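Remember, it's 1-based here, ligands and their atoms both numbered in the order they're listed. Small disclaimer: the values here were computed from a predicted structure and weren't measured.
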Amino acid sequence: MALNNRIPAGELAQKWSTYKSTCKLVNPANKRSIDIIVVGTGLAGASAAASLAELGYNVKTFCFQDSGPTTCK
Ligand SMILES: Cc1cc2nc3c(=O)[nH]c(=O)nc-3n(C[C@H](O)[C@H](O)[C@H](O)COP(=O)(O)OP(=O)(O)OC[C@H]3O[C@@H](n4cnc5c(N)ncnc54)[C@H](O)[C@@H]3O)c2cc1C
């Protein structure tokens with residue numbers, strides 16, 4: 001089996017810009033059909049989950065120290 005790490009080609013300083021300008025975008029109509037699982041709901045996980053849910057993705061969160069509801073709708 002061949003491993004493909006998908007590192008963008010080009011100069012290191014340009015890799016992120018190149019990736020952003022060439023990556024495939026999700027059609028807004030398809031966002032609700034995409035499930036995203038966020039593991040860990042600290043500051044980083046919770047803010048990512050909230051932002052992705054606001055964008056329309058179907059987000060589920062899991063955290064072993066959580067005390068409240070764990071699904072963003
Ligand atoms: C004592 C203390 C005081 C602090 N005071 C401040 C402050 O006053 N102001 C400030 O800005 N910052 C403060 N910080 C720093 C701040 O808390 C962290 O920078 C911030 O919480 C990091 O957020 P995070 O989302 O990266 O990680 P975390 O908040 O640690 O979130 C990670 C979450 O992932 C969960 N998790 C980990 N592994 C798994 C797994 N396998 N499955 C499911 N869930 C998992 C954990 O339970 C946790 O809830 C303080 C930190 C400490 C320790």
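Separation of atoms CG (N30) and CG (L25) is listed at 12.0 Å; rounding is to 0.5 Å. Residue T41 holds its OG1 atom at 11.0 Å from CZ of F62, rounded to the nearest 0.5 Å.
Of all atoms in ligand 1, listed by their number and element, those nearer than 4.0 Å to a heavy atom of A44 are 24 (P), 25 (O), 26 (O). Residue contact check: V39 has heavy atoms under 4.0 Å from atoms 40 (C), 42 (N), 43 (C) of ligand 1. Remark: ligand 1 atoms within the under-4.0 Å shell around heavy atoms of F62 are 43 (C), 44 (N).
In terms of polar-atom proximity, C63 is not counted as a contact of ligand 1, lacking any N or O under 3.5 Å from an N or O of the ligand. Residue L43 has at least one nitrogen or oxygen atom sitting less than 3.5 Å from a nitrogen or oxygen atom of ligand 1, judged on distance alone.
When all heavy atoms of N58 and R32 are compared, the pair lying nearest together is CB-O, 4.0 Å.
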All N/O donor-acceptor pairs, side-chain side in residues 16-23, below 3.5 Å, sequence neighbours left out:
residue: T18; atom: OG1; partner: Q14; partner atom: O; Å: 2.7
residue: S21; atom: OG; partner: S17; partner atom: O; Å: 3.2
residue: S21; atom: OG; partner: T18; partner atom: O; Å: 3.0
residue: T22; atom: OG1; partner: T18; partner atom: O; Å: 2.8
residue: T22; atom: OG1; partner: Y19; partner atom: O; Å: 3.4

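Under the side chain to side chain contact (heavy atoms under 4.5 Å, CB included) test applied with V59, the options I34, V38, D35, I37 reduce to a single match, V38.
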